[in-house]
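Reading through the structure tokens given below for one structure.
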Amino acid sequence: MEHRKILLVLADGIGDRPSRRLDGMTPLQAAQTPNIDEVMHGATCGLLYPIAPGVTPGSDTSHLSLFGYNPYEFYRGRGPFEAVGAGIDVRPGDVAFRGNFATVDSDLTVTDRRAGRTLDEAGKLAAFLSSELKLEGVEVIIRQTTEHRFAVVLRGKGLSDAVSDTDPHAPGEKLLASHPTATSADARRTAEIVNQITAIAHERLDEHELNQLRRSRGLPKANAILLRGAGSVSTLPSFPSKYGLSGFCVTGTAMIRGFARMAGLTAPLLEGATGDSKTDVGVKAKAAIRALRANEFVYVHFKATDAAGHDRNPELKVEMVQKLDHLVGLLLNELGDDVILCVSGDHSTPVDLGEHSADPVPILIRAPDVYPEGSRFTERSCAFGGFGRLKGEYLMPILLNHSNRITKYGE
Ligand code: ZN
Ligand code: ZN
């Protein structure tokens, strides 16, 4: 039997709920998606619970689940994914966090969790902090990822990832002190270190010349760091050996790149794939098509739909769905008919909620020999599709089946 190649496209946070601001439609219903509609004429569809009904996934736990790694077994915090994706060589014993540059006022109340979001200085500020934060017995590595985001790695003896976030997760709240979440001396020490670097970072950033310059231009200072998602590396069984597929990942998002690398997929930095609404889908399509020549499995991640959901911006989410459609169109132009194409999402991020939800996401699988359903790719029409309702852990087995790679169980 001929083995087929697999192209998986996941749009982050694509699922939604009907919104009054879109006349009772979801962004997928309101958008013009001629290319995905065309794919639907050769595809079977359904709804996908990325982890399970009633579980609201993070992008990290969802990706683990969809690629066949039980998140309840393998998830050790988001920090390590972000740090590996940022190009830091994370080692066993290290503790990694995700971080944001933020704006705080004089009593440490967070006034902007993203320091205005447009922060061209972020790379320089991260490098400055990396050289500035010298503590006894622990190395602090900080590297910017995208926009105002960065990864932090603490390296040294006696560290623990059992510490709480300093990110209050909402503006108007005070910067939090990190607390140990376990009773060990390592956890207590690590929480103290986190609080120390948070205090030093605030002091040095507040007086930094780039922040003085921002203030003079009327921009919010990036004068604090917010840390979250403490984690240490857990070894993921290699995706290529688990499935017998060589794999490649196309993404502009550090966290996803880190996940992919930890799973043993090739995940290079791609110039122009930015992980935001300005991402160059031409670059992504070209990289995916090229990768399909040498790999059995190619994963394309599209982030901007999630960000529009978090921004509670229905028009932007519609626009980003249309951008995804454009990406699918570019892929279709070059894609052989025998390649399995799957389009879905890693969770829903409803625009009226501004956060992830446990709603299932639509999924389609195009293959030469599935029943074509010919409807639109929306939450509503996929609810009537042939795949019914799937859990994330079934995604890879189903894709492997359609690529003729499942061996018989029994005689
Ligand atoms: Zn996500
Ligand atoms: Zn999100």
Side-chain angles (χ1 to χ4, degrees), residues 8-17 19 26-28 47-52 55-67 69 71 74-75 77-82 84-85 98-100 113-114 117 145-149 151 165 167 169-171 226 228-229 231 249-260 262-263 265 267 273-277 279 284 299-314 316-317 319-321 323-324 327 342-363 379 391-393 395:
L8 171 64
V9 179
L10 294 180
D12 211 299
I14 185 136
D16 215 298
R17 297 172 177 174
S19 170
T26 67
L28 272 171
L47 290 179
L48 176 71
Y49 288 100
I51 296 176
V55 180
T56 296
S59 291
D60 42 16
T61 49
S62 164
H63 273 76
L64 282 169
S65 174
L66 295 172
F67 283 74
Y69 303 102
F74 290 104
Y75 186 55
R78 181 159 173 168
F81 295 134
E82 194 88 7
V84 172
R98 308 173 65 209
N100 276 15
R113 282 187 67 245
R114 297 157 170 175
R117 193 153 206 173
T145 52
T146 47
E147 300 173 303
H148 53 283
R149 303 182 195 91
D165 298 354
D167 183 350
H169 294 275
L226 307 180
R228 61 185 183 280
C249 168
V250 175
T251 182
T253 304
M255 200 275 292
I256 303 298
R257 190 159 53 242
F259 159 73
M262 281 163 78
L265 272 62
T274 53
D276 60 16
S277 61
T279 196
K284 294 178 94 161
Y299 169 44
V300 179
H301 172 245
F302 181 81
K303 179 71 186 170
T305 31
D306 180 55
H310 285 291
D311 288 347
R312 298 169 189 262
N313 187 336
L316 181 63
K317 192 158 176 189
E319 198 186 311
M320 290 306 112
V321 168
K323 190 160 184 174
L324 168 75
L327 168 63
C342 174
V343 181
S344 189
D346 63 342
H347 50 80
S348 299
T349 309
V351 286
D352 288 343
L353 205 60
E355 246 315 324
H356 300 186
S357 74
D359 298 283
V361 290
I363 177 171
E379 296 82 350
K391 277 173 73 179
E393 64 185 281
L395 177 64

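As the structure lists them, so they are numbered: ligands from 1, and atoms in each ligand from 1.
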Using the ring of each side chain (for Trp, its six-membered ring), is F81 parallel, tilted or perpendicular to Y75, with breaks at 30° and 60°? parallel

Test of understanding: with side chain to side chain contact (heavy atoms under 4.5 Å, CB included), list the residues that count as partners of E319, not counting sequence neighbours. L316

Sole residue of R228, R257, R98 in side-chain contact (heavy atoms from CB on, under 4.5 Å) with E82: R98

I'd like to know whether the aromatic ring centres of F259 and H301 sit less than 6.0 Å apart in this structure. no

Within less than 2.8 Å of the Zn ion (ligand 2): protein N, O or S atom count: 4

Residues L327, K323; criterion side-chain contact (heavy atoms from CB on, under 4.5 Å); working and verdict: CA-CA 6 Å; L327 168 63; K323 190 160 184 174; over 6 Å; no

Looking at D346, pick out the N, O or S atom nearest to the Zn ion (ligand 1) and give its name. OD2

Can a salt bridge be assigned to the pair D167 and R113 using a cut-off of 4.0 Å between side-chain N and carboxylate O? yes

